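Report on the structure given below.
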Protein chains: 2
Amino acid sequence: MSLEQVFKDIDASYDHYKSVLAEAVAIKSISSDPAHRQETIKMTHWAKERLEKLGARCTLEDIGTQNIDGKEIPLPPVLFGQLGEDATKKTVLVYGHLDVQPAAKEDGWRTEPFTLFEKDGKLFGRGASDDKGPVLSWLHAIEMLQKHKIDIPVNVKFCFEAMEESGSLGLEELLTRNKNKFLAGVDFTCISDSYWLGTTKPCLTHGLRGICSFNVEVTGIQQDLHSGVFGGVVHEPLTDLIWVMSQLTTVDNRIAIPGIYDDVAPMSEEEHKLYETIDFSVKEFRESVGAKKLPTEDKKTLLIRRWREPCLSIHGIEGAFSGTGEKTVIPSKVIGKFSIRIVPHMKPEKVNKKVIDYLKELWKKRGSPNTFTPSPGHDALPWLADTNDANFKAGARAMKIVHGVDPDYIREGCSIPITLTFQELTGKSVLLLPLGAADDMAHSQNEKMNKVNYVQGVKTLLTYLLELGKSH
Amino acid sequence: MSLEQVFKDIDASYDHYKSVLAEAVAIKSISSDPAHRQETIKMTHWAKERLEKLGARCTLEDIGTQNIDGKEIPLPPVLFGQLGEDATKKTVLVYGHLDVQPAAKEDGWRTEPFTLFEKDGKLFGRGASDDKGPVLSWLHAIEMLQKHKIDIPVNVKFCFEAMEESGSLGLEELLTRNKNKFLAGVDFTCISDSYWLGTTKPCLTHGLRGICSFNVEVTGIQQDLHSGVFGGVVHEPLTDLIWVMSQLTTVDNRIAIPGIYDDVAPMSEEEHKLYETIDFSVKEFRESVGAKKLPTEDKKTLLIRRWREPCLSIHGIEGAFSGTGEKTVIPSKVIGKFSIRIVPHMKPEKVNKKVIDYLKELWKKRGSPNTFTPSPGHDALPWLADTNDANFKAGARAMKIVHGVDPDYIREGCSIPITLTFQELTGKSVLLLPLGAADDMAHSQNEKMNKVNYVQGVKTLLTYLLELGKSH
């Protein structure tokens, strides 16, 4: 049985792959919303059944509860699976997540976000690319190897969680407890939960930014007030919050917090060169986001800012009026939400301190009698890997075989905190092997996975498993 | 039949009044939300049936449609009613509104906002005080006069709309068309849709602020982006919007827009005196809003700022993340919403121009390549009346009879734009006769009407109708 024949069978199986993805997308596993917790748990059970059909030995690992507004709400269990227990083979651990970001048609989706919809070779749906598509690609790859009776040359362990979009609550503790149990004997970890740099050339990812999230609460009146009746004679919490948040960045999106860039790692000569030769079009990037102009249009500066410098984004405000139309209200308690992406060698504790200190200083300057409560939210360290190990080499060979080109070695601006956890607990290499294209719009409206990326993704993961077996 | 006996019967009818209000509150007539438009229309039909039971001749006046996101949505009809057509009697026009502000338990209501709930002599529910309670008080008053076979010495016309909380769309045009039809022969107008200055002493209201609303839209990226992947390399619309909105007011809630106070009417000696003698406790006011400190704690300055000076409130942002938890998003299109309360002699066109000019100037100063679209929303003129006419005198006598004290003559900080329209179209006096207490929390969480205000309100309106009949 040649690989070519297997690949043909993968091409021919597209309708099946699509229908499985449609099933997964339809399960509204929004981890940040307690109202969708049952759906999130359901998604985990759904994945367990599919893994078991492939012959994997599965367990659902209880990771406790989450306190929301004083109520203890059960966290979705983590799905552990094991396929193959041959002591002569190496073992690869596959990680993916089953939960998704919130999505609603009224946010600007052209189609129902939880109904998979194919158009022009694109599969639209929340989670299609982040991360249900890639998770299913692992399952399809293994199913195909089994169908063609090709020996899988490595043992495969699966770790699929359903709280990734909400800071992977409970996962680190679970993995730490399993350092000498489920994680014992793992030789490689592979995570497919990031994106290519562009839309055509495959990449391997060797760096990620971390994150520090912040909540800034302002209150001072006991409930929302009518702005006609009370306007002009109270200190409005929202006005205070907006002023504070206006002091965080410059117009070009550089961070205004003193000392925030101090701990950014200096660049080596080698790294400088990498940025010069990498295949990236600023014009395409600008067009893909639909911007008229970017804060920098220099390729190297742009990639540096995206991958190895911190940035700050304001996400929104809880407690203020957010609907359509008009509501003449003075909101009583508002919570501003922003986050800073961090890079080597920034440390969350130090970043948190700098930010909270700065916020407190701003508040002093503001001089409002309202109550100001800034607090750090979840955080995650940045990550940087060695691209010369067996894991990266197997990934690179798989990409070359499927796509016919050597992948670019890139970094990502986003955080996959679990990457570092796996590296530390297994003491072995972690590879980020992205399947989706740069314009997949994870976390955004009209998230999609290209049909071609989905199908080639199955081939890539299948080949990666075979190539891993050749590494010594 | 003495008035005393009728009042006793009103006291005895409380359970009936409460159950009717519960029915009205249960109808979610949120006019700003197209999803609740059918409920809003239903509320109008419900009121029509009740008016007809009293013998009023009613019509539902079509006022056309509203364009929301390119769709034409029908406006709720306006309910016209007429009770008595005796040419020897004078005619009073009664105005009220049947729609309400949005409300949701998760905003901080202690009970379901659309289920009337009585506790400690208070009737909690959206619309209980603004304005379903007062509207029903008119109906109860007439029902009681009919029950006791007391001749109503005036003809009564009713105009109940259901778009008041959304700028009374379509009403002004309808009334203008009816200047010589439905509005012909009206001698007095009475509106019960404002509040006492405190919680114990009745008031008549002779002044209202107007309003100019504004929307500030910023966009520049074609859809929401993942803040990890794109953070640092795009100009974020929300950051721009927050900066612009931070430049609108000072910490003490004075407006930073140049020239905005220029057209505020100077104060006469007489007016100065009124503020000195009026019964108002700053301490009680501060405690009722739950603030630690107010921008001014001087009684006179506070009332002046509340009634006869402009103010600016920021209400919220549409398009940004507003839920609980975290969402690492860069919102693509955000709309900031704020409004300015205006007073004599400010003119909306002039205010709009000053504000939009200032916003454009701020945007120039900001220097962002994003797209900035500031626009005026709905506006309304301020209003000031003569308290010495027959209408105000009948209201004052009614209050004295029911409450045993002369009412205070106050102004309100909020807008009831229709007040001016009635004054202009009928050429006759408009009286604002508030029934609710200062702490009723209209537009806010846990809106309520006191049991005592509801019951005394029915008596006041009944007595007002009788007193109007004595005026010549």
Side-chain angles (χ1 to χ4, degrees), chain A residues 32 209 213 220-229 231-236 238-239 242-243 245-246 249 251 253 289-295 302 305-306 309 311 313-318 320-322 324-330 339 341 366-369 377 413-415 442-445, chain B residues 32 209 213 220-229 231-236 238-239 242-243 245-246 249 251 253 289-295 302 305-306 309 311 313-318 320-322 324-330 339 341 366-369 377 413-415 442-445:
Chain A
S32 65
R209 290 196 286 195
S213 298
I221 47 181
Q222 72 193 3
Q223 55 188 326
D224 287 2
L225 299 174
H226 186 304
S227 69
V229 183
V233 292
V234 294
H235 291 97
E236 306 191 2
L238 182 54
T239 308
I242 280 178
W243 181 82
M245 295 211 295
S246 77
T249 52
V251 62
N253 211 349
V289 300
K292 274 190 281 197
K293 194 169 166 271
L294 302 171
L302 191 153
R305 288 197 187 170
R306 218 179 148 189
E309 284 194 355
C311 68
S313 295
I314 301 175
H315 309 301
I317 298 171
E318 183 181 342
F321 178 58
S322 60
T324 54
E326 298 180 2
K327 186 180 181 190
T328 49
V329 67
I330 301 173
S339 66
R341 299 285 162 174
R366 176 72 175 166
S368 165
C414 61
S415 315
H443 291 213
S444 174
Q445 301 95 329
Chain B
S32 65
R209 291 197 285 195
S213 298
I221 47 180
Q222 71 194 3
Q223 55 189 326
D224 287 1
L225 298 174
H226 186 304
S227 69
V229 182
V233 292
V234 293
H235 291 96
E236 305 191 2
L238 182 54
T239 308
I242 279 177
W243 181 82
M245 294 211 296
S246 77
T249 52
V251 63
N253 212 349
V289 301
K292 273 190 279 194
K293 192 168 169 273
L294 301 172
L302 191 154
R305 287 197 187 171
R306 218 179 148 190
E309 283 194 356
C311 67
S313 295
I314 301 176
H315 309 301
I317 297 171
E318 183 182 341
F321 177 57
S322 60
T324 54
E326 298 181 2
K327 186 180 180 189
T328 49
V329 66
I330 302 173
S339 65
R341 299 284 162 174
R366 176 71 176 168
S368 164
C414 62
S415 314
H443 291 213
S444 175
Q445 301 95 329

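No experiment lies behind these values; they were computed from the predicted model shown. Convention: sequence-line order gives letters A, B, ...; per-chain numbering from 1.
- Using modelled atom types and a 3.5 Å distance limit, the side chains of A:S322 and B:S322 yield a donor-acceptor pair.
- Here A:G220 is the residue among A:G220, A:G377, A:A320, A:S368 with the most heavy-atom pairs under 4.5 Å with chain B.
- Top candidate by heavy-atom pairs under 4.5 Å with chain B, chosen from A:A442, A:S444, A:G325, is A:S444.
- Per-residue counts of heavy-atom pairs under 4.5 Å with chain A were compared for B:N253, B:I330, B:L225, B:T239; the largest is that of B:N253.
- Across all non-hydrogen atoms, the minimal contact from B:S246 to A:I242 is N-CG2, 3.6 Å.
- Residues A:Q223 and B:V289 are not in side-chain contact: their nearest non-hydrogen atoms beyond the backbone lie 4.5 Å or more apart.
- By number of non-hydrogen pairs under 4.5 angstrom with chain A, the leading residue of B:G290, B:S339, B:P369 is B:G290.
- Between the side chains of B:T324 and A:E318, no donor-acceptor pair of N or O atoms lies under 3.5 Å.
- The minimum heavy-atom distance linking B:V233 with A:R305 is given by the pair CG1-CB, 3.8 Å.
- Counting heavy-atom pairs under 4.5 Å between each of B:P295, B:G232, B:G413 and chain A puts B:P295 at the top.
- Here the closest heavy-atom approach between residue A:H315 and residue B:V329 is recorded as ND1-O, 2.7 Å.
- Heavy atoms of A:S415 lying under 4.5 Å from chain B are absent altogether.
- Within the 4.5 angstrom heavy-atom criterion, only side-chain atoms of A:R341, from C-beta onward, approach chain B.
- Scanning both residues, A:S313 and B:G231, for their nearest heavy atoms gives OG-CA, 4.2 Å.
- Comparing A:R306, A:E309, A:M245 by heavy-atom pairs within less than 4.5 Å of chain B, the highest count is held by A:R306.
- Comparing B:S213, B:C311, B:A291, B:S227 by how many heavy-atom pairs each has under 4.5 Å with chain A, the most go to B:S227.
- In this structure, the portions of A:L294 lying under 4.5 Å from any heavy atom of chain B include both its backbone and its side chain.
- No hydrogens or angles considered: nothing links the side chains of A:E326 and B:S32 as a donor-acceptor pair under 3.5 Å.
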**OP:** Show your working on side chain to side chain contact (heavy atoms under 4.5 Å, CB included) between A:C414 and B:H226 and close with a plain yes or no.
**Re:** CA-CA 8 Å; A:C414 61; B:H226 186 304; 3.4 Å; yes
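- Contacts of B:R209 with chain A are made by side-chain atoms alone, with heavy-atom separations under 4.5 Å and no backbone atom involved.
- Residues A:Q445 and B:D224 come closest through the heavy atom pair OE1-N, 2.8 Å.
- Taken from CG in B:L238 to CD1 in A:I317, the straight-line distance is 7.0 Å, to the nearest 0.5 Å.
- Side-chain contact between B:H443 and A:T328 is present, with at least one heavy-atom pair separated by less than 4.5 Å.
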